[in-house]
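In what follows, a structure is listed as structure tokens, so that the remarks can point back to it.
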Number of protein chains: 2
Amino acid sequence: MEKHEDIDQLVEQYLEAIKSAGFRMTTQRRVIIETLLKNMGDHPNAQELLERAQKVDPSIGIATVYRTVELLNNMDLLNLTNLQEGFRRYEIADENLHIHFYCRCCGSVSHFSADREKEKTVREWAREAGFRLMPQVLEIQGVCENCQAELGDIPEEEYILRCAPGCGRFGRRVSQPPGRGRRRWFRNS
Amino acid sequence: MEKHEDIDQLVEQYLEAIKSAGFRMTTQRRVIIETLLKNMGDHPNAQELLERAQKVDPSIGIATVYRTVELLNNMDLLNLTNLQEGFRRYEIADENLHIHFYCRCCGSVSHFSADREKEKTVREWAREAGFRLMPQVLEIQGVCENCQAELGDIPEEEYILRCAPGCGRFGRRVSQPPGRGRRRWFRNS
DNA sequence: TTAGTTGCAAACTCTTTGCACGAGG
DNA sequence: CCTCGTGCAAAGAGTTTGCAACTAA
């Protein structure tokens with residue numbers, strides 16, 4: 001989280017970009033951008049963004065959040081994230097490439113900006129395919145250190161793949177693993 | 001696309017996995033898995049999966065498609081893809097890591113299985129963060145060769161970022177770029 | 001026999017949109 | 001002023017779920 005003056009200044013920069021693209025600088029856009037900047041790293045979704053923005057300006061509606069988020073995305077000033085939760089998360093795009101590690105067990109997201117080397121590598125892969133990279137977030141899924149420790153020494157072929165609560169809604173409701181005692185999904189060997 | 005005998009054999013393997021996990025081998029699951037296997041590379045969504053499966057067994061309902069897809073995902077036999085289209089696409093997981101290149105301009109997806117080297121690289125990144133990778137699809141977004149050619153020589157700072165039709169529904173409906181003649185979004189410099 | 005599965009339709013959740021009003025330039 | 005932008009409420013789209021009937025084991 002940055003200092004307030006810095007954020008205020010950044011907000012104005014984003015608004016300036018919006019203005020110079022021919023759009024209007026409105027109070028709502030200012031508040032939403034400010035909220036986005038103050039919550040970098042939190043990856044809020046539309047609902048959270050709304051609630052936080054409403055603390056500054058209670059009149060803001062959800063439609064405006066979606067419209068602002070879309071505007072920013074169109075101008076490529078925003079990264080969208082999708083963790084298969086059934087909704088999107090948003091983050092101001094401040095660099096060209098982000099890499100997130102998403103734990104399928106506990107749902108935690110550790111994210112750090114891609115260092116030059118990683119970015120270069122991915123760019124090279126893209127080039128091989130004739131692609132030109134756009135600023136974005138790369139989601140890499142796995143099991144985090146904590147969860148690995150908690151799971152203990154399990155053979156690769158039976159590594160636990162079940163999404164535990166916290167991963168979002170997908171993967172937790174249909175068939176439960178059969179049998180009374182079992183509580184986890186295992187990979188077939 | 002593989003030969004029929006091979007697919008039939010694969011279907012049985014998947015069903016066997018399901019059975020050995022304690023679930024039942026049903027006609028519907030057989031048909032859906034077969035459809036998934038026959039459409040590898042197409043990344044069908046739930047609706048498309050339903051339509052194609054219904055050609056074999058018209059009684060199949062959309063709920064069963066979703067439930068089967070969730071079962072397979074829970075067993076980590078399926079990769080989910082999210083291209084910000086408003087729905088998910090599915091693909092049988094046959095390898096540990098896939099890398100897709102998604103063109104933000106035309107919406108095309110070129111995907112090739114990660115070769116050993118790429119997989120190793122990503123795994124190393126994960127290891128640095130204490131992560132253990134799970135089978136998955138990595139979506140890398142950019143602009144494909146064709147679209148780049150079409151766009152011509154545009155400076156990096158003004159590179160076109162607008163999602164053209166075909167990218168899905170996000171990013172195409174709210175504010176249009178202002179002014180009568182302009183049809184594209186440009187990045188602020 | 002019996003617990004897991006299915007199809008249907010209703011319910012849900014997130015996102016988008018039509019419209020009349022309001023506000024930036 | 002004249003558009004563009006906003007809030008509201010309704011509409012849409014994809015996904016999930018309750019339930020009675022069905023079926024694999």
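Labels below follow one simple rule: chain letters A, B, ... track the order of the sequence lines, proteins then strands, and each chain is numbered from 1.
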Rounded to the nearest angstrom, tell me the gap between atom [atom1] in [X] and atom [atom2] in [N].
{"X": "B/Ile18", "N": "D/dT23", "atom1": "CD1", "atom2": "P", "result": "19 Å"}
{"X": "A/Leu71", "N": "C/dT16", "atom1": "CG", "atom2": "P", "result": "13 Å"}
{"X": "B/Gln28", "N": "D/dA24", "atom1": "CD", "atom2": "C1'", "result": "11 Å"}
{"X": "B/Gln47", "N": "D/dG12", "atom1": "CD", "atom2": "C1'", "result": "14 Å"}
{"X": "B/Glu85", "N": "C/dT16", "atom1": "CD", "atom2": "C1'", "result": "17 Å"}
{"X": "A/Glu48", "N": "C/dC14", "atom1": "CD", "atom2": "P", "result": "10 Å"}
{"X": "A/Asn45", "N": "C/dT15", "atom1": "CG", "atom2": "P", "result": "7 Å"}
{"X": "B/Tyr66", "N": "C/dC12", "atom1": "OH", "atom2": "C1'", "result": "13 Å"}

Under the side-chain contact (heavy atoms from CB on, under 4.5 Å) test, residues paired with [X] that sit two or more places apart:
{"X": "A/Arg127", "value": "A/Glu124"}
{"X": "B/Ala63", "value": "B/Arg67"}
{"X": "B/Glu12", "value": "B/Leu15, B/Met25, B/Arg30"}
{"X": "A/Asp42", "value": "A/Asn39, A/Pro44, A/Arg52"}

- Note on the structure: The residue among A/Leu72, A/Val11, A/Thr68 that forms side-chain contact (heavy atoms from CB on, under 4.5 Å) with A/Leu36 is A/Leu72
- Step-by-step side-chain contact (heavy atoms from CB on, under 4.5 Å) determination, B/Arg132 to A/Glu145: CA-CA 8 Å; B/Arg132 179 168 183 168; A/Glu145 216 152 14; over 6 Å; no
- Message: When you measure from the side-chain N and O atoms of B/Arg88 to the phosphate of D/dG14, is any distance below 4.0 Å, counting only OP1 and OP2?
- Response: no
- Message: Under the criterion salt bridge (charged side-chain N to carboxylate O under 4.0 Å, His left out), I'd like the reasoning laid out for A/Lys118 against B/Glu128: C-alpha separation, chi angles, the key distance, then a yes or no.
- Response: CA-CA 12 Å; A/Lys118 288 192 183 64; B/Glu128 287 172 19; 3.3 Å; yes
- Item | Neighbours of DNA chain C within residues 52-62 of chain B, by heavy-atom distance under 4.0 Å | B/Ser59, B/Ile60, B/Gly61
- Does a side-chain N-to-carboxylate-O contact under 4.0 Å join B/Arg89 and B/Glu48?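 Salt bridge flag = yes for B/Glu48 with B/Arg89.
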- When every nucleotide of nucleotides 18-25 of chain C is labelled 5' to 3' by its protein contacts under 4.0 Å (heavy atoms), B for base, S for sugar-phosphate only, - for none, what sequence of letters results? B----BBS
- How are the rings of B/Phe101 and A/Phe131 set relative to one another: parallel (under 30°), tilted (30 to 60°) or perpendicular (over 60°)? tilted
